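Inspection log for the structure reproduced underneath, given as structure tokens.
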Amino acid sequence: MRGGLSSSEKITIPKIAEKKRKSEKITMLTAYDYPMARIIDQAGADIILIGDSLANVMLGYPNTLPVTMEEMLHHTKAVARGCQRALLVADMPYLSYHIDIKETIRNAGRFIKEGGAEAVKVEGGKKRAEVISRILDLEIPVMGHIGLTPQSIHQMGGYRLQGSTLDQSLTLVEEARLLEKTGVFSIVLEKIPEELAQIITQEVSIPTIGIGAGRFCDGQVLVVHDMLGFFEEFQPKFVRRYANLQQEIGNAIRQFFSDIREGKYPSEKESYHLPPEIASALKDKVTKDNGDN
Ligand code: KIV
């Protein structure tokens, strides 16, 4: 139990499973810092993901590959401090689960022990089944992620739609079944046709969370900076913008600078004042001192 929430309010792994059974849609959003985590948590997210998209949207890297364990952990800790209700999932960054099992399970464990996460996410299907099962042995819940996996950008040749041929789509159905068998508690389906996502969603008993995977997944996730419009130039088809914060924040900052330049900020009300008698005594004293010198 976190921050005084009753156990009936806190979102847990069993509650995520129950949502699929009850056909209740699962809401998930990324967060990377304390203030955004607080807002998303208080708005009622079921799952908050500290995505490795941290690399792009917070740290300015060109893709997700450079982000390190230390960077991910730093942001996971901040998000955990702002999150009381949602289930907290941390993304395992590139190379944190690829080298050897010992390093993989230590990294997964660090997200739980140091970061305050409650689960980790691992990209990939069949190739990752072994590491996923070893992470699960540590009692760490794992979220799978198939379809477009951004850590495979070089092999995939860009952020392309996945699963659009019969062979590719059958492989993805198989990967989803395998991930379920391995024991993941849910699977992110990224950038695949909705017909395929619908079949996968029917074929597995664990929840699917779509991002660019159409209408029929058990839940949906977006990168928070995308749905809030932080990057005007970035607008894939599946991103719906609920705000245009790049423009709104830019306007607010321009207004602030203009108020400073025009002497409109701060106003008298935004300033601290001395009691009148002290102000006048101070003025007299300084004037007298200046006269004496
Ligand atoms: O890193 C990320 O943001 C993700 C998505 C599923 C949103 O993996």
Side-chain angles (χ1 to χ4, degrees), residues 27-43 45-98 107-108 110-123 143 145 148-154 158-159 188 190-191 209-212 220-236 238-254 256:
T27 57
M28 172 164 150
L29 210 46
T30 63
Y32 317 94
D33 59 25
Y34 172 76
M36 195 65 96
R38 265 171 58 102
I39 295 171
I40 296 170
D41 192 57
Q42 287 168 12
D46 293 318
I47 304 176
I48 293 183
L49 172 72
I50 304 97
D52 63 350
S53 49
L54 166 72
N56 311 82
V57 300
M58 293 290 289
L59 304 181
Y61 291 125
N63 54 50
T64 59
L65 301 178
V67 75
T68 63
M69 261 310 290
E70 299 313 316
E71 287 166 332
M72 288 296 299
L73 263 177
H74 176 75
H75 286 265
T76 302
K77 289 178 195 173
V79 170
R81 289 190 282 266
C83 170
Q84 294 212 327
R85 180 182 169 276
L87 181 79
L88 206 61
V89 181
D91 226 351
M92 302 261 321
Y94 180 63
L95 277 199
S96 70
Y97 54 99
H98 304 75
N107 286 332
R110 288 187 75 195
F111 276 121
I112 309 298
K113 198 174 170 93
E114 296 172 41
E118 295 158 320
V120 296
K121 178 165 81 60
V122 168
E123 290 188 8
M143 175 180 265
H145 182 163
L148 169 58
T149 46
Q151 291 175 12
S152 326
I153 179 189
H154 296 313
Y159 299 109
V188 169
E190 181 161 351
K191 207 164 178 186
I209 316 279
I211 172 163
Q220 297 289 333
V221 58
L222 282 177
V223 169
V224 67
H225 289 70
D226 295 343
M227 54 83 65
L228 292 179
F230 268 85
F231 299 100
E232 253 164 26
E233 61 287 1
F234 183 72
Q235 179 109 58
F238 62 82
V239 171
R240 185 180 298 178
R241 265 201 202 150
Y242 289 83
N244 189 341
L245 290 197
Q246 177 173 345
Q247 213 170 76
E248 269 187 58
I249 294 173
N251 287 345
I253 292 170
R254 274 186 289 276
F256 176 55

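Everything quoted here is computed from the prediction, not taken from an experiment.
- Panel note: side chain Glu190, backbone Ile211; no donor-acceptor pair is recorded below 3.5 Å.
- Taking the side chain as every heavy atom from C-beta outward, Val79 and Arg38 never approach each other to under 4.5 Å.
- Taken from CG in Asn244 to CD in Gln247, the straight-line distance is 4.5 Å, to the nearest 0.5 Å.
- Using a cut-off of 4.0 Å between Lys/Arg side-chain N and Asp/Glu carboxylate O, Arg85 and Asp41 are scored as not salt-bridged.
- The line from CZ of Phe234 to CG of Asn56 is 8.0 Å long, rounded to the nearest 0.5 Å.
- Side-chain contact between His225 and Met58 is present, with at least one heavy-atom pair separated by less than 4.5 Å.
- Of all heavy-atom pairs between Phe238 and Leu222, the closest is CD1-CD2, 3.9 Å.
- Pairing each heavy atom of Ala86 with each of Ala45, the nearest pair is CB-O, 3.4 Å.
- Under the rule for a salt bridge (Lys or Arg N to Asp or Glu O under 4.0 Å), Lys191 has no partner lying at least two apart in sequence or in another chain.
- The two residues Ala117 and Ala90 come nearest to each other via the heavy atoms CB-CB, 3.9 Å.
- Without hydrogens or angle criteria, Glu118 side chain to Leu88 main chain gives a donor-acceptor distance under 3.5 Å.
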>> Under the criterion side-chain contact (heavy atoms from CB on, under 4.5 Å), I'd like the reasoning laid out for Ile47 against Met143: C-alpha separation, chi angles, the key distance, then a yes or no.
In response: CA-CA 11 Å; Ile47 304 176; Met143 175 180 265; 3.9 Å; yes
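- Between Ile249 and Arg254 there is no side-chain heavy-atom pair separated by less than 4.5 Å.
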> Should Val224 and Ile40 be marked as a side-chain contact (heavy atoms from CB on, under 4.5 Å) after you check the CA-CA gap, both sets of side-chain angles, and the distance that decides it?
Replying inline: CA-CA 9 Å; Val224 67; Ile40 296 170; 4.0 Å; yes
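- Side-chain contact between Val89 and Ile48: absent, with no pair of heavy atoms (C-beta onward) separated by less than 4.5 Å.
- Atom CD of Glu114 and atom NE2 of His74 lie 13.5 Å apart (nearest 0.5 Å).
- Summarising the geometry of Arg241 relative to Glu232, their closest heavy-atom pair is NH2-O, 3.1 Å, with the distance given to 0.1 Å.
- Side-chain contact check for Tyr94 versus Asp52: every heavy-atom pair is 4.5 Å or farther apart.
- Between Ile50 and Asp91, the closest side-chain pair of non-hydrogen atoms is not below 4.5 Å.
- Counting all heavy atoms, side chain and backbone alike, Val67 lies closest to Ala55 at CB-CB, 3.7 Å.
- Met227 is not listed as a side-chain neighbour of Arg240, based on a closest heavy-atom distance of 4.5 Å or more.
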> How far apart are the C-alpha atoms of Met92 and Met69, what are their side-chain angles, what is the distance that settles it, and do they pass the side-chain contact (heavy atoms from CB on, under 4.5 Å) test?
Replying inline: CA-CA 8 Å; Met92 302 261 321; Met69 261 310 290; 5.6 Å; no
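- The closest donor-acceptor contact from the side chain of Asn63 to the backbone of Leu65 lies under 3.5 Å.
- Among residue pairs with one or both ends in residues 53-79, those qualifying as salt bridge (Lys or Arg N to Asp or Glu O under 4.0 Å) are Glu70-Arg110; sequence neighbours excluded.
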> Which is it for Tyr61 and Leu54 under the side-chain contact (heavy atoms from CB on, under 4.5 Å) test, yes or no, and what are the steps along the way?
Replying inline: CA-CA 9 Å; Tyr61 291 125; Leu54 166 72; over 6 Å; no
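- No side-chain heavy atom of His145 sits under 4.5 Å from any side-chain heavy atom of Val122.
- At distances below 3.5 Å, not a single donor-acceptor pair connects side-chain atoms of Asp46 with backbone N or O atoms of Met28.
- Summarising the geometry, atom CG belonging to Leu29 is positioned 11.5 Å from atom CD belonging to Gln220; distances are rounded to the nearest 0.5 Å.
- Of the possible polar contacts, none joining the Ser96 side chain to the Asn107 backbone as a donor-acceptor pair under 3.5 Å is found.
- Side-chain contact check for Thr30 and Tyr32: at least one donor-acceptor pair (N or O, by modelled atom type) lies under 3.5 Å.
- Using modelled atom types, one finds a donor on one side chain and an acceptor on the other under 3.5 Å when comparing Gln151 with Tyr97.
- To the nearest 0.5 Å, the span separating CG on Asp226 from CZ on Phe231 amounts to 8.0 Å.
- No donor-acceptor pair under 3.5 Å is formed between the side chain of Arg81 and the backbone N or O of Asp33.
- A distance of 14.0 Å separates CE in Met36 from SG in Cys83, rounded to the nearest 0.5 Å.
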